[in-house]
Amino acid sequence: MTDTPTTPRVRFAPSPTGSLHVGGARTALYNLLFARRERGTFILRIEDTDVERSREELSEQILSAMKWLGLDYDEGPIHQSGRWELYRAAADRLIAEEKAYRAFETPEELDADRKRADAEGRAYRYSGAGRAIDPGESDRRARAGERFVVRLRMPAETIVVEDMIRGRIEFPPDALDDFALVRSDGHPLYHFCVCVDDADMRITHVIRGDDHLANTPKHVALFQALGAEIPRFAHLGMILGTDRKKLSKRHGAAAVEEWRDAGILPEALVNYLALLGWAPGDDREILSRAEMEKEFSLERVGASPSVFDPEKLLWMNSQYIATMSAEELLARSLKSAPGAIPDRPAALKAIELHRTRVRTIFEMGRALASYASDPADYDADGLKKNVKPETPNQLAKLVARLETLPDWTAASTEAALREAAQEDGVAAGKLIHPVRLGLTGVTVGAPLFDVMELLGKETSLRRLRAFLERTKASGS
RNA sequence: GGCCCCAUCGUCUAGAGGUUAGGACACGGCUCUUUCAAGGCCGCGGCACGGGUUCGAUUCCCGUUGGGGCCGCCA
């Protein structure tokens, strides 16, 4: 009398009509986390039934974004475009069983109906005229070459959806009409393919965006018509832009790859996305994938929409940068470095100097590059603020002193600078700031003497001499 | 317009009848300090509104308001 424990089967089913959206990424993530937690199967399905809009390279793009995020699937990717036989057979069967029917209205006629309804201020519903056509008559007209769409015969009863996140939702029958399953050119339509596939793949839980909630009664009716078991549904709140509208390209940075290119670490993006709608229940914010996979549950997923906050993502990223090994960081920063970077040992030291000072690996790449190439120019405000008439003279004396240093360490250069300052009767800061500017071109950054040690004697002195020339020139 | 969903600091959230309503981001201050960060400490700031139910509502119910979504031979 015990139920056979069916292992959950979930899927992420993006349409390749654009790059992977952060909302899609979160949906994929929740499906994956649910599957791992429940020891189920995560399937990737590409919904490319729309031949006009779907593009192969976009589907590749989605795949690579998922790979980058580490969203691995157990089955797939399965392309709907390769399964037309399945949909055709299902449509034929539904027609034969009179659960669906052919409708012969032309697009123009439907359009006119829609316009009329609009003008009269009432909600448009398909008339259902096709229902009345006798099956024999329908077959004859189809054989005769008349064009038709296939429509589902919607039941005249309230459809109840038990949503795992929202609870019980009722859809009154007059809100739904007999929607189209197959176009007049024979191409199966989205809702139809979704249900045929979910049934075929034995999907047990449909975890998807809230924007599909209103479509769910259609799907329920379809599953019933198909004679398939109805999966459980869980509808996630939308991810919104700061204007509280559904996040889209329009908002900028809605695509996963934009964040990748901005130097966000995949672990950080995944962590951030996981927390957009789900929380472990305690105060932890930084969670490993293992922890998420262990603790994720749909019961703890919220129903309300959430605003995507780039600031918090950046913070999250900096948290990962703070704890990631220098080697790892170096490997990842390499792609972001705009130019040459120092040799490996120096780069690793530079990373330690900058890991708390950057929020993205893009910034880390820049920081690394700054050690390998001399500053091209100097911060204008910095020059104004830190270079006084007496500065070139003080700098010249400092350079002379540094030249004689037998060893070149943070300690020795600091001692030399402080002595020079004392000799001139000025605060060390009077020298530190211009030296930093001369060495790096900017007024902010890692502790100066560590930077000098890392740069080495030769490079440091070369940069300081160049800066000295510059300050003399602007001074006269 | 019809149907549906949502509603705790500016943002992400914890809370599941009795809490000084907790944490995080952001913001402000202090601290550390050669700069900038990071870190530490402190602070600012919230239950949309109105009715019920209840001894007692942020929490349950209804409504209002506000926001969002869906209404194609798109996905």
Side-chain angles (χ1 to χ4, degrees), chain A residues 13-18 47-50 52-54 103 105-107 110-111 114 117-118 120-126 147-151 161 163 165-166 169-172 174-177 179-187 189-191 193-194 209-218 235 237-238 240 242 244-246 272 275-286 300 302-316 318 321-322 354-359 382 386 414 417-418 427-433 435-437 440 442-449:
Chain A
S15 304
T17 53
E47 313 243 307
D48 55 353
T49 49
D50 186 338
E52 283 112 56
R53 285 213 291 164
S54 297
E105 291 84 1
T106 64
L110 295 174
D111 220 48
R114 222 184 312 275
D118 230 45
E120 291 169 16
R122 57 185 168 82
Y124 168 76
R125 302 272 181 276
Y126 169 63
R147 290 173 74 83
F148 60 86
V149 300
V150 179
R151 288 179 182 272
V161 175
D163 191 276
I165 293 171
R166 279 146 226 278
I169 306 163
E170 296 188 4
F171 295 89
D174 52 333
L176 285 338
D177 62 1
F179 65 99
L181 268 26
V182 182
R183 306 206 308 198
S184 58
D185 64 3
H187 274 101
L189 259 5
Y190 173 76
H191 296 300
C193 295
V194 166
D210 201 350
D211 47 349
H212 283 296
L213 187 55
N215 292 325
T216 305
K218 294 182 186 178
H235 287 95
M238 297 275 86
L240 274 23
T242 42
R244 303 210 132 258
K245 297 233 188 297
K246 189 170 162 180
Y272 176 71
L275 260 28
L276 226 45
W278 172 79
D282 49 37
D283 287 339
R284 283 172 301 157
E285 299 250 47
I286 306 295
R300 295 201 59 82
S304 48
S306 36
V307 174
F308 188 93
D309 180 9
E311 275 302 324
K312 187 145 186 182
L313 207 212
L314 251 6
W315 169 79
M316 187 72 78
S318 67
I321 288 175
H354 289 274
R355 71 188 321 154
T356 62
R357 270 168 262 263
V358 299
R359 296 211 291 177
N386 298 308
E414 174 164 12
L417 183 141
R418 290 194 187 279
K430 288 281 178 233
L431 286 176
I432 286 173
H433 297 305
V435 168
R436 178 195 306 284
L437 187 60
T440 66
V442 292
T443 58
V444 299
L448 181 63
F449 303 109

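All values below come from the heavy atoms of this structure, side chains included, with hydrogens, waters and symmetry mates left out. Since the model is a prediction, treat every value here as computed from it, not as a measurement.
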Nucleotide of [options] approaching [X] most closely (side-chain heavy atoms):
| X | options | value |
| --- | --- | --- |
| Asp283(A) | U34(B), G23(B), A75(B) | G23(B) |
| Arg114(A) | C73(B), C5(B), C3(B) | C73(B) |
| Thr356(A) | U35(B), C73(B), A38(B) | A38(B) |
| Trp315(A) | C3(B), A75(B), A24(B) | A24(B) |
| Ile169(A) | G2(B), C4(B), A14(B) | C4(B) |
| Ser184(A) | C25(B), U34(B), C73(B) | C73(B) |

Using a 4.0 Å heavy-atom cut-off, does [X] contact any base of the nucleic acid, only the sugar-phosphate backbone, or nothing at all?
| X | result |
| --- | --- |
| His354(A) | nothing |
| Thr242(A) | nothing |
| Gly237(A) | nothing |
| Pro217(A) | nothing |
| Leu110(A) | base |

Check: protein-nucleotides 47-50 of chain B nitrogen or oxygen pairs below 3.5 Å:
none

**Asked** Does Arg151(A) put a side-chain nitrogen or oxygen below 4.0 Å from OP1 or OP2 of C73(B)?
**Response** yes

**Request:** For Ala322(A) and for Ala103(A), find the nucleotide of RNA chain B with the closest heavy atom, then tell me which residue's nucleotide is more 5'.
**Result:** Ala322(A)

Could you pull out the protein-nucleic contacts involving nucleotides 6-12 of chain B (nitrogen or oxygen on both sides, under 3.5 Å)?
{"residue": "C12(B)", "atom": "OP1", "partner": "Val307(A)", "partner atom": "N", "Å": "2.9"}
{"residue": "C12(B)", "atom": "O2'", "partner": "Leu275(A)", "partner atom": "O", "Å": "3.2"}

**Asked** If you round to the nearest 0.5 Å, how far is CG of Asp111(A) from CG of Asp118(A)?
**Response** 10.5 Å

**Asked** Hey, is the main chain of Tyr126(A) close enough, under 3.5 Å, to the side chain of Asp177(A) for a donor-acceptor pair?
**Response** yes

Anything under 3.5 Å between a protein N or O and an N or O of nucleotides 29-32 of chain B, put it in a table, one pair a line.
none

Which residues pass the side chain to side chain contact (heavy atoms under 4.5 Å, CB included) test with [X], sequence neighbours left out?
| X | answer |
| --- | --- |
| Val435(A) | Leu395(A), Leu398(A), Leu417(A), Leu439(A), Leu448(A), Met452(A), Leu464(A) |
| Lys218(A) | Phe179(A), His191(A), Asn215(A) |
| Pro280(A) | Leu275(A), Trp278(A), Asp282(A), Arg284(A), Leu287(A), Glu295(A) |

